[in-house]
Amino acid sequence: EVFDQYSDVIRNFMYYKCGNLAQAEDLTQDAFVKLWKNCSKVALDKAKSYVMKIAQNAFYNVIEHQKVVLKYQKAQSAFKANLQSPEFLMEEQEFLKQLERSIAKLPQKQREVFLLNRIDKKTYKEIAFIVGITQKAVERRMHLALLTLRKTIDVKL
């Protein structure tokens, strides 16, 4: 009875909001399903406003989801466009070669700490245990390694 009485009104309201009749019908139906599941908690005189609010919140959730999807798609398309660019691929290869040369030129102790941290994903504490030095010494070596790499690598930002 409640469905027959209010479904057209709510569907139309949702249609005006979203501009898609199929989506409006889905939102309306989902709202009435939630009403059915919670019918013991909702008073009969509050049913219309309850269903309206449920449908409206569901619509807002759909909009927020679409924003996230759109943002992700934009980021992916920009990333793919960069990857497909021959110039980008060439610059990336040059950068990787330069990075490898710079890492190879690091003093042995700094290189060891840097590679354990960045490649093997070890924490400073784990590195200190492996190498047999204090954690402060690891931090210092890592700091020096990063400073050296920043100086030797030509980064165009």
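Atoms considered below: every heavy atom in the structure, side chains included; atoms not considered: hydrogens, waters and symmetry mates.
Atom CE in Met142 sits 11.0 Å away from atom CG in Leu147 (nearest 0.5 Å). The CG atom of Asp26 sits 12.0 Å away from atom CZ of Arg11, with the distance rounded to the nearest 0.5 Å. For the atom pair OH of Tyr124 and CD of Gln135, the computed distance is 9.0 Å after rounding to the nearest 0.5 Å. Taken from CD in Glu25 to OG in Ser7, the straight-line distance is 9.5 Å, to the nearest 0.5 Å. Annotation: the span from Asp8 atom CG to Tyr15 atom OH amounts to 14.5 Å, rounded to 0.5 Å. The NZ atom of Lys151 sits 6.5 Å away from the OG1 atom of Thr148 when rounded to the nearest 0.5 Å.
Between Phe32 and Ile54 there is no side-chain heavy-atom pair separated by less than 4.5 Å.
No side-chain donor-acceptor contact under 3.5 Å links Asp120 to the backbone of Lys122. Proximity of a side-chain donor or acceptor of Arg111 to a complementary backbone N or O of Ala104 within less than 3.5 Å is detected. Between the side chain of Lys121 and the backbone N or O of Arg118, at least one donor-acceptor pair lies under 3.5 Å. Side-chain atoms of Asn38 come within 3.5 Å of backbone atoms of Lys34 as a donor-acceptor pair (strictly under, hydrogens ignored). Listed for the Gln93 side chain is no donor-acceptor partner under 3.5 Å among the backbone atoms of Met90. Put simply, the side chain of Arg141 never gets that close to the backbone of Val113: no donor and acceptor are under 3.5 Å apart.
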Using side-chain contact (heavy atoms from CB on, under 4.5 Å), reason through Lys46 and Ser49 one step at a time and then give a plain yes or no.
CA-CA 6 Å; Lys46 304 281 184 190; Ser49 61; 4.3 Å; yes
Given the rule in the side-chain contact (heavy atoms from CB on, under 4.5 Å) test, do Tyr6 and Val51 qualify, once you have shown the distances and angles that lead to the verdict?
CA-CA 9 Å; Tyr6 301 124; Val51 174; over 6 Å; no
Can you check salt bridge (Lys or Arg N to Asp or Glu O under 4.0 Å) on Lys136 and Glu139, steps first, answer last?
CA-CA 5 Å; Lys136 279 289 188 193; Glu139 292 171 6; 3.7 Å; yes
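Residues Val131 and Leu116 come closest through the heavy atom pair CG2-CD1, 4.0 Å. Across every non-hydrogen atom of Leu27 and Ala55, the tightest pair is O-CB, 4.1 Å. Between Ser102 and Thr152 the shortest heavy-atom distance is OG-OG1, 3.1 Å. Considering all non-hydrogen atoms of both residues, Ala137 and Ile133 come closest at CB-CD1, 3.9 Å. Contact record, Asn20 with Ala22: OD1-N, 3.1 Å, taken as the closest heavy-atom pair.
Connection of Ile63 to Met14 is established within a shared hydrophobic cluster, with ILVMFWY side chains joined at heavy-atom distances below 4.5 Å, either directly or through further cluster members. Under the 4.5 Å side-chain heavy-atom criterion for Ile, Leu, Val, Met, Phe, Trp and Tyr, Tyr60 and Phe13 are members of the same hydrophobic cluster. Both Ile119 and Phe95 belong to a common hydrophobic cluster when Ile, Leu, Val, Met, Phe, Trp and Tyr are linked at side-chain heavy-atom distances under 4.5 angstrom. Hydrophobic clustering places Leu146 together with Val138 (ILVMFWY residues linked when any side-chain heavy atoms are closer than 4.5 Å, directly or through intermediates). In the hydrophobic cluster analysis, where Ile, Leu, Val, Met, Phe, Trp and Tyr join through side-chain heavy atoms closer than 4.5 angstrom, Phe114 is grouped together with Ile153.
Glu126 CD: more than 12 foreign heavy atoms inside a 6.0 Å radius. Heavy atoms from other residues, nucleotides or ligands lying under 6.0 Å from CG of Leu44 number 12 at most.
Ion pair Lys109/Glu112 not flagged as a salt bridge, since none of the NZ, NE, NH1 or NH2 atoms sits closer than 4.0 Å to an Asp/Glu carboxylate oxygen. Salt-bridge annotation for Lys67 and Glu64: present, with a side-chain N of the basic residue lying under 4.0 Å from a carboxylate O of the acidic one.
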